Structures are given as C-alpha cells and as structure tokens.
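Here the structure is laid out as structure tokens; the discussion comes afterwards.
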Amino acid sequence: MKDSTDLGTNRTGFGAPRGEKRMAENSWVPAEAPVSGTLALAKLRAAYAEQSGPLGSVPTSTANRGRKPSLFIDKLGERLAFERSGARLYEGLIGKYESEASPRGPVDLEILHRFHEDELRHFQLAWESLEKLGADPTAVTPSADLVGVKTQGFIQAMSDPRTTFAQGLDVILGVELADNDGWRLLVDLARGMNQDDMADSFSLALREEESHLEHARRWLRELYRKEFLS
Amino acid sequence: MALDIMNEKGTPLDKQEFDWRDLVRVPISKLDDDASTRNRIILMNGVEADMIRFQQVMGRCQRELRTQLARVRRVEHFQQVLVNWLLPPDLSPLETTIGYEQTAIEVTAHAALREPDSYMAQVYRFGLLEDFDHLYRFSALLDRLEGKDANTLLQGCTEVRPGRPTAEQHRAPEDDIRDHYDRATAEPLTKIHALLITAAETQVRNYYLNIGPMFADPAARMLYAEIATIEDQHATQFGCLEDPSETPLEKWLLSQCMEVYAYYSCMQQEKNRRVKEIWQRFTDYELGQLHFVMNLFRVFEKRDPAEVLPATLPDPVDFDGHREFIRETLGKETDLRARGASFIRKEAEGPAFPSLRYRGRVNAAGSPSTLVAVGYAWTPGTELREAYEAPVAAL
C-alpha cells in the first residue's frame with residue numbers, strides 16, 4: 001500500500017547530497033540595479049494589465065431584475081462549472097478509494113457517493129436557475145472560465161495515480177472550501193436580485209456543502225492522526 | 001481582389017523587424033473571439049513551425065544558402081512567436097487540443113473540396129475522417145476528466161461524433177506512403193495544399209508530444225501517445241505528396257508562396273481587427289520573403305520563378321462551413337483503409353496484411369481511444385446533464 005510520507009532519497013533541498021557544495025560555489029552577486037527585480041516585474045505586469053481587456057463577456061440574457069443581473073449570471077455560471085468539475089473530482093476520489101492502493105481511514109464510500117450526487121444535483125440547480133433567468137447554461141461565463149484555470153491543479157493532483165487517497169481528500173477539502181463560499185455568495189446575490197425561491201434552494205445547497213466540508217476536515221484529521229501515531 | 005504575387009513586393013526583408021513588446025501582444029479572448037480566429041492562429045503557428053524546420057534541414061544540405069536561409073528563418077521564427085502567443089493562457093492544453101483538431105478538420109476539408117487532383121483529394125478525405133475521430137475522443141476526455149463541454153470551443157461549427165475509429169487508424173509504415181504529384185504537371189493549388197496540410201499535421205504531432213507527458217491522468221497520457229502516433233502517420237502521409245524531384249530551392253519557393261496564400265486567406269476572413277492587422281503585416285512580410293527567394297531562384301538555379309509559381313493566388317482557405325461535406329464523406333468512406341499508396345475497403349484487409357498485424361500488436365493491451373470514449377455521446381453542457389435524473393427541488 002502506498003504511503004506519501006515514507007523517508008527516501010529526496011534530492012530537492014539545499015542540504016541534499018551534492019546540493020550544498022556545488023551551489024555554495026555560486027558566489028556571484030549582481031551589481032546594484034536601479035529598481036528591484038520585484039518592482040520591475042510588477043511594472044511590466046501593470047503595463048500589460050492596463051492594455052488587456054477582461055477575460056470575456058457574460059452572454060446576454062433576459063434577466064432584468066435587480067441591480068446587476070450580469071454579475072449574478074456570471075457567478076451562477078461559475079457555480080455550474082465548479083460543481084461539474086467537482087463531480088468529476090469526486091469520481092476521481094471514489095476511484096482512489098476503490099483501488100485500495102492507500103489507506104482510506106474512517107471514510108465511508110456510501111457517503112462519498114452521496115456527496116458526488118449532491119455535486120450533480122447542485123450542478124443541475126445552477127443549470128435550471130440560469131434557464132429560469134433566461135440565460136444559456138451551456139455558455140462559459142468569465143468566472144466559469146477562471147474556474148477552469150483554477151481547477152487545473154485540482155484535476156492534476158486527483159488524477160495522478162501516485163497520489164494517495166488522503167492527498168485526494170486534501171484536494172476535495174480545497175474544492176469544498178471554495179464551494180461553500182461560492183454558494184454563500186449566491187444566496188446573498190439571489191436575495192439582492194429578489195429571487196427568494198432561488199435563494200432558499202441555494203441555502204439548501206450551502207447546507208449540503210457545509211456537511212461536505214465538515215466531513216472532509218474530520219476525515220483528513222483522522223487519517224493524518226492515525227498515520228502520525230502508527 | 002486577387003493578389004498578384006509576381007508584382008506585389010510586400011515589405012523588404014531587411015525591414016522586417018520586431019521587439020519583445022511587439023512580439024508579446026494581448027492574447028485573443030477564449031470566450032468572445034470567433035473559433036476561426038483561434039484556428040487561424042493555430043494553423044499559422046503550424047505553417048511557421050514547418051517552414052523553420054524545412055529551412056533548418058535545407059541549411060544542413062545547402063552550404064551556399066545557409067546565410068540567406070538564416071536571415072529568412074529569423075523572421076519566420078519571430079512571426080511564429082508573435083502568432084502563437086496570441087493564444088490565451090486560459091485555454092487548457094486539452095482545450096487547445098480541441099482547437100488543434102478543429103483546425104485540422106476544417107482546413108483539410110477545405111483542401112479536399114478544392115483539390116483539383118482526385119487522388120490528392122482522396123488522401124485529404126482519408127485523413128479528415130481520422131482527425132474527425134480524434135476530436136470525438138478528445139471531447140470525451142475533456143468531458144470526463146475536466147468536466148467541460150467541447151462545444152464551448154467549437155462554437156457549433158464542427159460536430160462531435162465518431163469518425164474512422166482511432167483504434168483502426170494504426171498502419172504499418174509502408175501503408176502511410178502515398179503517391180506524389182508530378183512537379184511538371186501538377187497545378188499550383190495541388191502543391192500549395194500539400195505544403196499547407198503537411199505543416200498543419202506535423203505541428204499537431206509536435207504539440208501532442210510536448211503536452212502528453214504533462215497530464216497526470218494515465219488515460220490522458222495513453223490517449224495522447226496513441227493519437228500523436230496517428231499524427232505522425234499523417235505527417236508521413238501528407239509529406240509524401242510533394243514531388244521529391246523538386247529541388248530544395250524550388251520547394252523553398254513554393255513554401256514561401258504557400259505562406260503568402262495562408263496569411264492572405266487569414267487576412268481576408270478575419271473579424272478581429274487587431275489580429276487582422278497582424279495577418280496583413282505578415283502577408284506583406286511573406287511577399288517580401290517570397291521575392292527574396294525568387295531572386296535566389298534566378299541566381300542559383302537560373303530559372304524563372306514564374307514557371308513554378310501561380311500568377312495569382314487561389315481562393316482563400318475556408319475555416320468553417322464543411323459540415324455537410326464531412327457528413328457525406330463519413331457516410332461513404334469511414335470504412336476505407338490503406339494498402340501501400342491505395343485505398344481499399346475494410347473487408348479487403350487480409351490477416352497477413354502488415355497493417356492488420358501492426359494494429360493487433362499496438363492494440364494488444366487495449367485501445368486508449370476506445371476506452372476513453374466508451375458510451376460517449378456529445379451532450380450540450382456535458383454528459384453529466386444526463387447523469388443526474390432526480391428532480392431538483394422546486395425553485
């Protein structure tokens with residue numbers, strides 16, 4: 001069974017074999033620069049930020065209630081994308097559980113399946129909410145696009161066959177932290193848009209996400225405590 | 001208005017200059033720009049990459065032209081950087097892959113439709129159905145690994161369904177060799193198509209070889225290994241179409257002409273004003289390079305470029321609108337296979353045929369492309385739309 005914290009020949013540190021002696025020979029010091037490297041980079045980046053437009057636009061919809069419907073649509077699109085990726089990530093975690101390649105601690109497979117179904121149902125909720133607002137749920141909003149960028153790391157970590165079940169659960173912890181705040185924001189936005197029924201449905205989703213987060217935290221603590229003490 | 005390449009001199013080579021801010025522009029928008037803008041960027045990156053590769057190899061064999069090749073190649077390199085860097089960083093490698101396959105499909109479909117030589121047109125149709133299947137497999141992976149819908153990139157222009165199954169595209173090397181055109185009798189468009197499609201396919205292979213190992217998912221790694229191998233077959237297949245008896249300088253001249261044609265096509269159809277200016281600028285640069293190489297042709301081969309080049313360019317490349325043609329080709333030619341330079345029906349592949357033996361060998365441990373797409377049918381919003389069947393609480 002795989003263990004992610006076994007001792008071995010990790011070569012990355014300065015103190016690793018061959019590291020210190022050869023790097024210590026690097027005695028070159030740059031001449032003083034008129035600006036610090038960090039500041040120079042920041043200035044360049046600021047110049048590009050000034051020239052660059054946004055990632056893209058929110059598709060037009062028939063939603064016209066409330067202050068800025070496009071923000072609400074954007075965030076609903078974000079939630080939809082996140083739940084969809086979340087469902088795939090739960091599939092990855094269930095796969096790690098079923099492979100039995102690493103310790104799974106107190107985690108209950110049935111609960112994992114239930115959480116996976118919750119993610120699917122939340123995806124469906126975001127989808128139908130967008131339809132109700134006259135928006136196209138197949139479109140990628142700017143925040144949904146950014147979800148794609150941010151979750152690349154989660155997907156890589158989860159799909160790596162070398163990562164353990166605990167490491168996969170750690171990925172889910174990150175996902176659930178973002179998910180919780182995402183639904184919390186949507187509850188507020190829905191109320192601001194006078195979409196009270198939607199806000200109630202989102203509150204239900206939030207409660208389910210809070211349960212996911214609480215479970216992920218507790219499971220990880222128990223997994224690591226067990227490993228630490230063993 | 002047709003471009004008169006013999007008289008339009010473009011920008012002189014020594015005026016084709018860049019600086020780093022010029023090279024690194026604000027990229028296009030993944031969400032708001034037309035898919036064909038992205039696909040034109042992908043195509044022209046491939047065209048430049050192939051030009052540079054060709055010019056490097058030529059320089060190893062043509063001592064007297066090394067400096068001239070290096071001068072032109074330096075500009076081609078900068079052009080490639082500027083163009084390729086227009087792709088936005090929020091495109092994941094797998095999303096970029098969808099763009100690569102769409103580009104290959106649409107440009108190859110265009111070539112197949114417009115190609116005057118019926119054998120060449122068949123070669124393009126043969127490759128088209130294979131790239132079409134790759135799009136289906138990668139779309140399945142995008143859905144199942146990243147939870148994304150390929151149509152957000154395809155923008156409804158290219159369908160997602162199986163073509164000739166990738167698992168059946170594996171061929172022994174001798175069955176990727178095709179007949180070439182005759183340099184003395186082939187129409188200029190035939191030569192341009194051969195260069196264009198070879199460039200497009202070679203870059204797809206190179207791209208997959210670069211990004212394949214960056215995926216953590218073993219299914220993704222295997223799929224890229226498999227499809228990169230087919231793209232290598234395609235690069236061989238299309239590369240065979242050029243007449244080997246053309247001199248290197250003749251090939252260089254034709255390649256420069258193809259580049260003018262490609263950039264001019266891009267410029268004529270581009271809707272993004274900022275990108276259109278780049279296509280215009282580089283059409284002028286390629287005209288300048290073309291005339292530079294024309295002079296070399298006159299000096300070193302004592303030949304008139306007009307005997308090789310068309311007086312005017314063909315109709316520009318269409319980057320979409322081939323749906324009906326692709327459906328028709330799918331209906332008639334999915335079951336074609338290759339034997340030597342010919343195409344045969346699937347039923348005619350005998351057990352002793354090298355490709356059948358080869359296919360059995362590479363697929364011995366299973367087919368990644370089959371595995372990744374088991375039961376996959378493209379659905380708007382991903383197949384997760386179908387996965388959850390319980391009703392949502394009333395809003």
Side-chain angles (χ1 to χ4, degrees), chain A residues 44 47-48 51-59 80-89 91-92 116-117 119-129 132 136-142 144-149 151-152 155-163 195 197-198 200-202 204-205, chain B residues 20-21 24-34 85 88-96 141-156 211 213-222 272 274 378-395:
Chain A
L44 175 70
Y48 271 93
Q51 289 171 32
S52 302
L55 287 171
S57 59
V58 176
L80 185 150
F82 206 87
E83 295 297 333
R84 208 162 47 188
S85 299
R88 293 303 190 194
L89 287 166
E91 286 165 16
H116 174 249
E117 283 160 25
E119 298 293 302
L120 286 175
R121 195 170 55 257
H122 299 165
F123 158 58
Q124 194 81 347
L125 174 60
W127 182 284
E128 294 188 8
S129 301
K132 194 184 178 209
D136 178 359
T138 66
V140 179
T141 67
D145 184 40
L146 210 49
V147 161
V149 175
T151 54
Q152 283 294 297
I155 291 166
Q156 282 284 85
M158 185 66 81
S159 64
D160 196 324
R162 300 169 302 169
T163 54
Q195 296 278 359
D197 288 344
M198 251 187 227
D200 291 342
S201 296
F202 295 166
L204 182 61
Chain B
W20 306 116
R21 292 301 291 269
V24 181
R25 306 283 184 101
V26 172
I28 64 168
S29 168
K30 175 180 152 190
L31 310 186
D32 290 4
D33 270 299
D34 198 280
W85 267 232
D90 47 336
L91 271 174
S92 73
L94 188 40
E95 288 175 315
T96 306
L141 184 67
L142 184 69
D143 190 325
R144 292 171 171 182
L145 179 63
E146 297 190 9
K148 292 174 182 165
D149 176 1
N151 189 55
T152 61
L153 303 151
L154 300 169
Q155 297 178 3
I211 65 166
M214 294 182 189
F215 287 89
D217 176 38
R221 291 167 82 91
M222 289 180 76
N272 179 314
R274 201 165 52 88
W378 174 76
T379 312
T382 78
E383 63 180 359
L384 289 178
R385 285 277 296 139
E386 312 287 325
Y388 181 74
E389 303 206 0
V392 175
L395 293 177

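Just so we're on the same page: letters track the sequence lines, and every chain starts at 1. Computed over heavy atoms, backbone and side chain alike; hydrogens, waters and symmetry mates excluded. Here the structure is a predicted model, which means the values were calculated and not measured.
Heavy atoms closer than 4.5 Å to chain A are found nowhere in B:L91, neither backbone nor side chain. Contacts between A:V149 and chain B at a heavy-atom distance below 4.5 Å involve the side chain alone, from C-beta outward. Heavy-atom distances place no part of A:L80 under 4.5 Å from chain B, backbone and side chain included. At a 4.5 Å heavy-atom cutoff, the contact between A:L55 and chain B is made by backbone and side-chain atoms alike. Proximity to chain B is limited to the side chain of A:E91, based on heavy atoms less than 4.5 angstrom apart. The part of A:T141 that comes within reach of chain B is its backbone (N, CA, C, O), which places non-hydrogen atoms under 4.5 angstrom from that chain. Using a 4.5 Å cut-off between heavy atoms, A:P142 touches chain B through backbone and side chain atoms alike. Looking at B:N151, neither its backbone nor its side chain comes within 4.5 Å of chain A, counting heavy atoms on both sides.
Between B:R21 and A:Q51, the closest side-chain pair of non-hydrogen atoms falls below 4.5 Å. Using a 4.5 Å heavy-atom cutoff, the side chains of A:S57 and B:L31 are not in contact.
Between the A:Y48 side chain and the B:R25 main chain, no donor and acceptor come within less than 3.5 Å of each other. Formation of a donor-acceptor pair under 3.5 Å by the A:Q152 side chain with backbone atoms of B:E146 is not found in this model.
With values rounded to the nearest 0.5 angstrom, B:L145 atom CG is found 8.0 Å from A:Q156 atom CD. One finds the OG1 atom of B:T382 at 7.5 Å from the CH2 atom of A:W127 (value rounded to the nearest 0.5 Å). Rounding to the nearest 0.5 angstrom, the gap separating the CG atom in A:D145 from the OG atom in B:S29 is 7.5 Å. Atom CH2 in B:W20 sits 13.5 Å away from atom CG in A:L44 (nearest 0.5 Å).
Here the shortest heavy-atom pairing between B:P218 and A:S159 reads CD-O, 3.6 Å.
With respect to chain A, the highest number of heavy-atom pairs below 4.5 Å among B:K148, B:R221, B:R144 belongs to B:R144. Note: B:G381 leads B:P27, B:A219, B:G381 in heavy-atom pairs under 4.5 Å with chain A. When each of B:S92, B:P93, B:G147, B:P380 is scored by its heavy-atom pairs under 4.5 Å with chain A, the top score falls to B:G147.
Contact check on A:R88 versus B:E383 returns a salt bridge, with a Lys/Arg side-chain nitrogen under 4.0 Å from an Asp/Glu carboxylate oxygen.
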